[in-house]
Participant: 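Once you've had a glance at the structure underneath, I'll fire off some questions.
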Amino acid sequence: MKLRDVIRETTRFHLLNNNGLLYAQCVRAVGWIGGTVPELTEDQGIVELPTSDVSNGGIVCGSALAGRRPIYVIRYQGFITYNMCSILNYAAKSKEMWGVPCPVFVRGIGMEGGIGPVATGMHHSAIVRFPGIKVFAPMTPLEWKYVWDEYRNGDDPVYCSEHRLSFDNSEEIPDETPANFDTVVVLVGPTRLSLDKVRETYGNVAIVNVFKLKPFRLSLEAADVISRAKEVIIVDSDYTFCGLSEHIAYFIHHMYNSYCEIRCVGPLDKVAGFAPHKDNVTLIY
């Protein structure tokens, strides 16, 4: 199954069997959010939100407190500055402050290029820094299922950083360790879907994939590979300045390999425009 099919059918089961709800703007328009939402009705759990982005998160929090286990879809990650206010300042803090969990599943969908300065980009780093919320960036069917199980089996809010390029993916993306390597490339987000470009750019390198962003986790095998590297390059589709990639670099330096050279690659610290020559995408593209 493609990732879009996994998301859609998981959502369908949740709405029809778990008393769940799905909130989003323009759910029925333009292909049911990339084919990831089942074609159901309001009576079956689809809730069309207005364009008042700042208030919508509060509505979703209310349904979580009522036990409905809502899915909250933000069509463009660039809009999280409006849509995540109540999630980060209420849902993520409610359990610790008042002993009342507020479990919301947020699907923040990223795109890069061609959509201007407001909607574009991946912005999971902005979410990672807030306490009380788990953050993942799944790009494969099994990874997305893992994230969903984390949400369903716990009571914390979860931010799922998605990218439209991943919706057609039906394959898992394994780590790669060639016989001889000096460099390890750590890939986060949709950069993982561009392995040919990564190899073209960096040559014979070991590949480590990361989708568990908070709490940040590396497998024992990945940690061993990183510990043997002379150079580590962290490629993320979010900004590097004060971002997740710099945190990973710090973590690797202090936990696994304090002798290697480490650098971060991502979009430049600038505003994107609408014209192609004004786009601001991950530099390996």
Side-chain angles (χ1 to χ4, degrees), residues 3 25-26 30 33-34 36 51 53-54 73-85 87-88 106-130 135-139 159-169 173 183 185-202 205 207-211 213-214 216 231-250 261-285:
L3 178 54
Q25 294 176 4
C26 302
V30 198
I33 310 182
T36 63
T51 56
D53 298 70
V54 175
V73 185
I74 302 173
R75 279 179 169 272
Y76 299 101
Q77 284 202 25
F79 295 151
I80 64 171
T81 49
Y82 312 114
N83 285 272
M84 289 296 288
C85 299
I87 307 298
L88 297 175
V106 182
R107 292 180 52 206
I109 303 174
M111 289 181 66
E112 295 179 276
I115 51 176
V118 178
T120 190
M122 301 288 287
H123 304 287
H124 37 246
S125 290
I127 309 301
V128 164
R129 71 174 302 275
F130 282 85
V135 185
F136 302 90
M139 294 292 137
Y159 183 81
C160 187
S161 179
E162 301 176 4
H163 196 284
R164 286 184 180 269
L165 286 177
S166 72
F167 291 162
D168 279 326
N169 181 41
I173 307 174
T183 300
V185 178
V186 178
L187 297 175
V188 184
T191 61
R192 301 174 54 210
L193 303 169
S194 304
L195 286 177
D196 289 342
K197 184 64 175 179
V198 171
R199 296 187 191 100
E200 178 186 328
T201 302
Y202 298 116
V205 297
I207 301 292
V208 169
N209 294 279
V210 172
F211 80 95
L213 309 187
K214 185 180 183 180
F216 174 68
E231 179 186 37
V232 175
I233 303 169
I234 302 157
V235 185
D236 187 9
S237 290
D238 200 346
Y239 297 112
T240 59
F241 180 72
C242 293
L244 177 71
S245 58
E246 290 191 346
H247 169 73
I248 295 174
Y250 177 87
E261 295 184 11
I262 306 179
R263 57 192 174 101
C264 301
V265 176
L268 298 175
D269 186 26
K270 70 172 188 177
V271 176
F274 283 102
H277 68 284
K278 291 293 186 179
D279 271 340
N280 186 20
V281 299
T282 311
L283 292 179
I284 64 164
Y285 297 160

Participant: Go through Ser245 and Val188 one step at a time and tell me if the side chain to side chain contact (heavy atoms under 4.5 Å, CB included) criterion holds.
Facilitator: CA-CA 8 Å; Ser245 58; Val188 184; over 6 Å; no
Participant: Taking atom CZ of Arg164 and atom CD1 of Ile33, what is their separation to the nearest 0.5 Å?
Facilitator: 7.5 Å
Participant: Let me confirm one number: the OG1-CZ distance from Thr36 to Arg107, rounded to the nearest 0.5 Å.
Facilitator: 3.5 Å
Participant: Roughly how far, to the nearest 0.5 Å, is CG of Leu187 from CG of Leu195?
Facilitator: 6.5 Å
Participant: Can you name the one residue among Val235, Val210, Ile262, Val265 that meets side-chain contact (heavy atoms from CB on, under 4.5 Å) with Val186?
Facilitator: Val210
Participant: Taking side-chain contact (heavy atoms from CB on, under 4.5 Å) as the criterion, tell me which of Val208, Ile207, Thr201 meets it with Val205.
Facilitator: Ile207
Participant: Step through the shown structure and confirm whether more than 12 heavy atoms of other residues, nucleotides or ligands are within 6.0 Å of CZ on Phe216.
Facilitator: yes
Participant: Test side chain to side chain contact (heavy atoms under 4.5 Å, CB included) on Arg192 and Phe211 and set out the steps.
Facilitator: CA-CA 10 Å; Arg192 301 174 54 210; Phe211 80 95; 3.9 Å; yes
Participant: So which heavy atom on Gln25 is nearest to which on Thr51, and how close?
Facilitator: NE2-CA, 3.5 Å
Participant: For Pro190 versus Met122, what's the shortest heavy-atom pair and its separation?
Facilitator: CD-CE, 3.7 Å
Participant: So, for Leu268 and Tyr239, which heavy atoms are closest and what is the spacing to 0.1 Å?
Facilitator: O-CE2, 3.1 Å
Participant: Are Tyr202 and Thr183 close enough that some pair of their side-chain heavy atoms sits under 4.5 Å apart?
Facilitator: no
Participant: Ignoring hydrogens, what is the shortest heavy-atom contact between Met139 and Gly189? Give both atom names and the distance.
Facilitator: CG-O, 3.7 Å
Participant: Please check: side-chain N/O of Lys214 versus main-chain N/O of Val128, any donor-acceptor pairing under 3.5 Å?
Facilitator: yes
Participant: Taking side-chain hydrogen bond (donor to acceptor under 3.5 Å, both in side chains) as the cut-off, I'd like each qualifying pair that reaches into residues 117-128, sequence neighbours left out, listed once.
Facilitator: His124-Ser161, His124-Asp236, Ser125-Asp238
Participant: Would you say Asn209's side chain and Ile173's backbone share a donor-acceptor pair under 3.5 angstrom?
Facilitator: yes
Participant: Can you see whether Thr191 engages Ser237 through a side-chain donor-acceptor pair at a distance of less than 3.5 angstrom?
Facilitator: no
Participant: Within a reach of under 6.0 Å around OH of Tyr82, are more than 12 heavy atoms found that belong to other residues, nucleotides or ligands?
Facilitator: no
Participant: Find the distance between CD1 (Ile115) and OH (Tyr76) and round it off to the nearest 0.5 Å.
Facilitator: 6.0 Å
Participant: Heavy atoms only: give me the nearest Pro138-Cys160 pair and the separation to one decimal.
Facilitator: CG-SG, 3.4 Å
Participant: Out of curiosity, Lys270 NZ to Lys278 NZ, how far, rounded to the nearest 0.5 Å?
Facilitator: 6.5 Å
Participant: To the nearest 0.5 angstrom, please state how far the CD1 atom of Ile74 sits from the CG atom of Asn83.
Facilitator: 4.5 Å
Participant: For side chain to side chain contact (heavy atoms under 4.5 Å, CB included), just list the numbers for Glu112 and His163, CA-CA rounded to whole Å, side-chain angles, deciding distance to a tenth of an Å, and then say yes or no.
Facilitator: CA-CA 9 Å; Glu112 295 179 276; His163 196 284; 3.5 Å; yes
Participant: Sub-3.5 Å donor-acceptor pair from the side chain of Asn280 to the main-chain atoms of Pro267, do we have one?
Facilitator: no
Participant: Under the criterion side chain to side chain contact (heavy atoms under 4.5 Å, CB included), I'd like the reasoning laid out for Ile109 against Phe167: C-alpha separation, chi angles, the key distance, then a yes or no.
Facilitator: CA-CA 10 Å; Ile109 303 174; Phe167 291 162; 4.1 Å; yes
